[in-house]
Amino acid sequence: MILTHAHLDHCGWIPRLVKEGFKGKIYATPPTIDLCGVILPDSGHLQEEEAKFHNKKGTSKHSPALPLYTLEEAENSLPYFHPVAFGELKTLSDQFSFRFVHAGHILGAAMVEAFLRQNGTSRKFLFTGDIGRVPQVPDSPGRVVHAGPDTGEDPDMLVMESTYGNRTHPHDDVRPELAKLISDTVHRGGSVVVPAFAVERTQKFLFLLKQLMETNQIPRVPVFVDSPMAIKAVDICLKYTGEFNQESRELISTYGSPLEWPGFTFAAKQEDSRKINDVLYPCIIVSSSGMVTGGRVLHHLMHRLPDPKNQVIFIGFQAPGTRGAIIKSGAKSVRIFSQEVYIRAHVNALEQFSDHADTAELLRWLKTFKKKPETTFLVHGENEAAGLLQEAMTHELGWKVNIAHWMEKVPLV
Ligand SMILES: [Zn+2]
């Protein structure tokens with residue numbers, strides 16, 4: 001198995017595969033392996049919690065409801081991971097070798113260049129995984145990891161993501177808008193809740209908060225980072241500072257580890273988390289899960305959403321159907337722990353934080369290709385996004401572009 005990066009929609013099934021008997025090697029970059037070491041056990045833990053909850057409440061159609069895998073089963077899958085560094089050519093057989101190149105998406109995220117040889121012919125296949133922001137200049141705001149995806153590709157066949165094939169992200173600096181939202185909230189006596197993916201996204205956000213405080217752009221209110229995973233992820237982010245862009249590297253070297261910043265509290269235990277509910281003065285709570293599908297952020301939103309003084313700021317993608325998408329849509333209430341919770345707090349979303357290239361960025365990256373792939377397949381996008389990207393690529397680049405169908409098989413050689 002070749003894994004592009006540590007987001008759960010890419011790695012989340014691995015413990016289940018191992019549970020069902022997968023015994024092969026799982027190749028990934030060293031940062032991806034470190035991140036999976038935190039994310040997968042946590043995912044198992046959440047699975048167990050959810051099953052327990054449904055069994056107690058009788059709210060599942062399964063009896064008993066079972067986790068897809070447990071924390072322990074997730075840990076059992078970790079020995080199958082094998083590190084492959086960026087740029088290293090890994091030969092698996094005479095017919096197949098591959099190399100990881102930077103995808104610029106999140107820490108450790110890679111695209112896979114696969115080289116296939118058969119009967120004297122050699123073909124190059126590029127699987128993009130998720131593609132990060134493509135900067136116009138290397139340090140565009142919103143771009144944190146590496147300087148965008150590696151350029152100058154020349155695959156014969158391309159499989160690429162299309163998440164934002166119908167979208168244009170704002171390219172302006174997110175800091176002034178973020179500073180205003182936080183300052184306004186604090187001045188009306190409210191608190192800010194930021195649902196954020198605990199690994200990577202939370203750490204980037206903390207450095208921004210620190211910078212805004214140190215430059216007096218926001219008041220110095222207490223910041224609570226409420227996610228057991230976030231603490232471990234800080235160390236992983238600091239271990240691989242070489243992967244970040246210049247600006248982020250400077251922030252890290254100026255401010256050091258978030259775990260030591262005064263005024264920033266990391267809630268490791270459940271009781272630390274509950275205590276945050278008792279905080280009546282303005283504060284900032286960064287908690288997961290990012291799409292409000294589970295995790296400790298549920299308690300915080302249940303507690304803070306009904307008060308119009310408070311503010312919710314989304315800094316990540318909200319998949320259709322998730323609680324995050326419902327709250328973001330301007331709904332009047334949302335169901336949390338089987339209760340209808342009124343949404344009177346302010347709700348804003350800052351799209352600059354996106355880790356995915358938008359349509360124009362994808363096209364700009366594709367234009368760096370040294371040759372036209374014979375075929376391109378689009379994956380990882382809602383129908384509308386994939387359709388519009390297909391149209392844009394056909395129209396602007398003159399490429400042959402297909403949208404991959406479920407269970408479709410395509411010969412590579
Ligand atoms: Zn991803």
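Just so you know, ligand 1 is whichever comes first in the structure, and atom 1 is the first atom listed for that ligand.
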Does a side-chain N-to-carboxylate-O contact under 4.0 Å join Lys180 and Asp184?
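Looking at Asp184 together with Lys180, the answer is yes, because their closest N to O distance falls below 4.0 Å.
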Cationic N near anionic O, under 4.0 Å, Asp355 to Lys204:
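Counted as a salt bridge, because a side-chain N and a carboxylate O are separated by less than 4.0 Å.
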Below 2.8 Å, which protein N, O or S atoms neighbour the Zn ion (ligand 1), ignoring water?
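Result, waters dropped: His5 NE2, His7 ND1, His105 NE2, Asp130 OD2.
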Indicate whether the side chain of Thr32 and that of His5 have a donor and an acceptor atom separated by less than 3.5 Å.
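There is no such pair (donor and acceptor under 3.5 Å, judged by atom type) between the side chains of Thr32 and His5.
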Against Phe207, only a single residue in Phe244, Trp261, Phe264 fulfils ring pair (Phe, Tyr, Trp, His ring centres under 6.0 Å); can you say which?
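That would be Trp261; it is the only one of Phe244, Trp261, Phe264 passing the ring pair (Phe, Tyr, Trp, His ring centres under 6.0 Å) with Phe207.
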I'd like to check the ring-ring contact (aromatic ring centres under 6.0 Å, His included) partners of Phe369; sequence neighbours left out, ordered by chain and number.
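Residues passing ring-ring contact (aromatic ring centres under 6.0 Å, His included) with Phe369: Trp365, Trp399.
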Give, for atom CE of Met393 and atom CG of Leu363, the distance between the pair rounded to the nearest 0.5 Å.
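Here the interatomic distance stands at 7.5 Å.
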